[in-house]
Colleague: 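Starting off with a structure, shown below.
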Amino acid sequence: MSVIETALAKLKKSDPGNKAETRTQQRRVKVSDIAAGGTQAQATRRFLPATFDTVLMERNRILPQVADQAALRAYKILRTRLLQRLAANKWQSVAITGTESGQGKTLTAINLAITLAQDPNTSVCLVDLDLQRPQLATQMGMGFELGLGDYLLGECQAEQIMYQSNFPHLVIIPNSKRFEHSSEVLAGARMLDLLGIIETEMPRHIVIFDMPPMLLADDVLTFAPHVDGVLLVLAEGLTQRASVEKAKELLGDMNLVGVVLNRSSERDNSSYY
């Protein structure tokens, strides 16, 4: 039995019915149960290889192929602001969502994760948690064998869906399967176990979850208790004021990290999005 499996087994024996407490205990497990070999294991951890279509990434405006200096500057400002907010609150995980489809939340999640990973002091885990319309791997032209959906269906183990990207500090958990009842899957034991494994396997990583638009599904509401903050993506000329008002109501009980205005016409040296 692996170190991770042993730790999870202890957690399930201690309190199998309290998922919230289990998640808190998992943070303690990674310090106590793997203290003897945890540092060495983290330093030598090797994730599965994956292939990426750089031509497609350039076509889809994915870093680092983007030549637009204003866009590059904007992503770096977003990275700095996010890191400051996370550090100030001792947060580690962020769900990225929009109000409706077509606002660029997946592109924002990918480019933000890459920009964060370009910082030599930051490691990132990017997870495709849009179980209704997974697009992360498609936009990156990512080739892989097993993904998140396979794990959630019990067809593989967690270590079989964690892939090393072409950026040294970025690990990706892709998905290619759609789930009709996605919010129920997100609330299931299999998903909660994966969160514990991510925390144990990558304790110093910032975890970015690409999630469905919050006005089209209840996935963000369901998953919010398991993430530290939410980053909302809007699109200039597309997002309606009424949608923003509805999103504001839903975000009332969540930790809003910030709002990104995508497709902005702002082209000068301003720090606004």
Colleague: Going from OG1 on T99 to CD on E245, what distance comes out if it is rounded to the nearest 0.5 angstrom?
Modeller: 12.0 Å

Colleague: Side chains of M162 and L48: closer than 4.5 Å at any heavy-atom pair?
Modeller: no

Colleague: Checking side-chain polar atoms at under 3.5 Å, does T106 have a donor or acceptor matched by the opposite partner on Q135?
Modeller: no

Colleague: Nearest 0.5 Å please: distance from the CG atom of L131 over to the CD atom of E184.
Modeller: 11.0 Å

Colleague: Would you indicate whether the side-chain heavy atoms of T54 and E58 approach each other to under 4.5 Å?
Modeller: no

Colleague: Please check if the side chain of N60 supplies one atom and the backbone of I62 the other of a donor-acceptor pair under 3.5 Å.
Modeller: no

Colleague: Do L232 and T97 touch side chain to side chain, with heavy atoms closer than 4.5 Å?
Modeller: yes

Colleague: Kindly determine whether F144 and T51 satisfy side-chain contact (heavy atoms from CB on, under 4.5 Å), including the steps that lead there.
Modeller: CA-CA 7 Å; F144 62 97; T51 60; over 6 Å; no

Colleague: Donor-acceptor check, side chain of N111 to backbone of L63, threshold 3.5 angstrom: yes or no?
Modeller: yes

Colleague: Please tell me if the side chains of M254 and V220 come closer than 4.5 Å, counting only heavy atoms from C-beta onward.
Modeller: yes

Colleague: Work out which heavy atom in I161 is nearest to a heavy atom in C156; give both atom names and the distance.
Modeller: CG2-SG, 3.7 Å

Colleague: So, does D128 use its side chain to make a donor-acceptor pair with the main chain of L136 at under 3.5 Å?
Modeller: yes

Colleague: Answer yes if L221 and V259 sit in the same cluster of Ile, Leu, Val, Met, Phe, Trp and Tyr residues linked by side chain heavy atoms under 4.5 Å apart, and no otherwise.
Modeller: yes

Colleague: State yes or no: do L170 and L56 share one hydrophobic cluster built from I, L, V, M, F, W and Y residues joined by side-chain heavy-atom distances below 4.5 Å, directly or via other members?
Modeller: no

Colleague: For a quick test of reading the model, state the closest non-hydrogen atom pair linking R79 to D119 and the distance between them.
Modeller: NH1-N, 3.9 Å

Colleague: For atom CD of E145, is the number of surrounding heavy atoms from other residues, nucleotides or ligands below 6.0 Å larger than 12?
Modeller: no

Colleague: If you round to the nearest 0.5 Å, how far is CZ of F179 from CD of Q132?
Modeller: 11.5 Å

Colleague: Do the side chain of Q160 and the main chain of Q157 share a donor and acceptor less than 3.5 angstrom apart?
Modeller: yes

Colleague: Once you round to the nearest 0.5 Å, how far does OG of S123 lie from CZ of R204?
Modeller: 8.0 Å

Colleague: Under 4.5 Å between any side-chain heavy atoms of L116 and L82, yes or no?
Modeller: yes

Colleague: With side chains defined as the heavy atoms from C-beta onward, is the minimum distance between L231 and L112 less than 4.5 Å?
Modeller: yes

Colleague: Is it the case that S183 and D219 place a side-chain donor and acceptor less than 3.5 Å from each other?
Modeller: no

Colleague: For the CZ atom of R190 and the CG atom of L195, what is their distance to the nearest 0.5 Å?
Modeller: 12.5 Å

Colleague: Any chance CD of Q240 has more than 12 other-residue heavy atoms, nucleotides or ligands included, within less than 6.0 Å?
Modeller: no

Colleague: Does one hydrophobic cluster hold both L251 and L216, with members joined at side-chain heavy-atom distances below 4.5 Å?
Modeller: no

Colleague: Do any N or O atoms from the side chain of D228 and from the backbone of Q92 form a donor-acceptor pair under 3.5 angstrom?
Modeller: yes

Colleague: Looking at K105 and D130, is any side-chain nitrogen of the basic one under 4.0 Å from a carboxylate oxygen of the acidic one?
Modeller: yes

Colleague: Can you name the closest pair of heavy atoms from I172 and S165 and give their distance?
Modeller: CD1-CB, 3.8 Å

Colleague: Please test V124 against V171 for side-chain contact (heavy atoms from CB on, under 4.5 Å), starting from the C-alpha separation and ending with a verdict.
Modeller: CA-CA 6 Å; V124 187; V171 177; over 6 Å; no

Colleague: Any idea which heavy atoms bring T122 and I206 closest together, and the distance?
Modeller: CG2-CD1, 3.7 Å

Colleague: What verdict does the side-chain contact (heavy atoms from CB on, under 4.5 Å) test give for V127 and D210, after you've listed the backbone C-alpha separation in whole Å, the side-chain angles of each residue and the deciding distance to 0.1 Å?
Modeller: CA-CA 6 Å; V127 185; D210 178 29; over 6 Å; no

Colleague: Has the side chain of Q139 got a donor or acceptor atom that lies under 3.5 Å from a matching backbone atom of M57?
Modeller: no

Colleague: Any side-chain heavy atom of K76 within less than 4.5 Å of one from T115?
Modeller: yes

Colleague: Is there a donor-acceptor pair closer than 3.5 Å between any side-chain N or O of D150 and the backbone N or O of L146?
Modeller: no

Colleague: Would you please test Y151 and L194 for side-chain contact (heavy atoms from CB on, under 4.5 Å) and show each step?
Modeller: CA-CA 9 Å; Y151 169 83; L194 178 62; 3.6 Å; yes

Colleague: Just how far is it from atom CD of E199 to atom OG of S93, taken to the nearest 0.5 Å?
Modeller: 7.5 Å

Colleague: What are the two closest non-hydrogen atoms of Y163 and F47, and how far apart are they?
Modeller: C-CB, 4.0 Å

Colleague: Using the rule that Ile, Leu, Val, Met, Phe, Trp and Tyr join whenever any side-chain heavy atoms are under 4.5 Å apart, tell me whether M211 and L215 fall into a single cluster.
Modeller: yes

Colleague: Return yes if some donor-acceptor pair links the side-chain N/O of N262 with the main-chain N/O of Q103 below 3.5 Å, else return no.
Modeller: yes

Colleague: So do the side chains of M191 and F223 get within less than 4.5 Å of each other, counting heavy atoms only?
Modeller: yes

Colleague: Closer than 3.5 angstrom, by distance alone: can the side chain of R178 be matched with the main-chain N or O of R133 as a donor-acceptor pair?
Modeller: no

Colleague: So, for L238 and G102, which heavy atoms are closest and what is the spacing to 0.1 Å?
Modeller: CD1-O, 3.6 Å

Colleague: Under 3.5 Å, is there a donor on one side chain and an acceptor on the other for T239 and E100?
Modeller: no

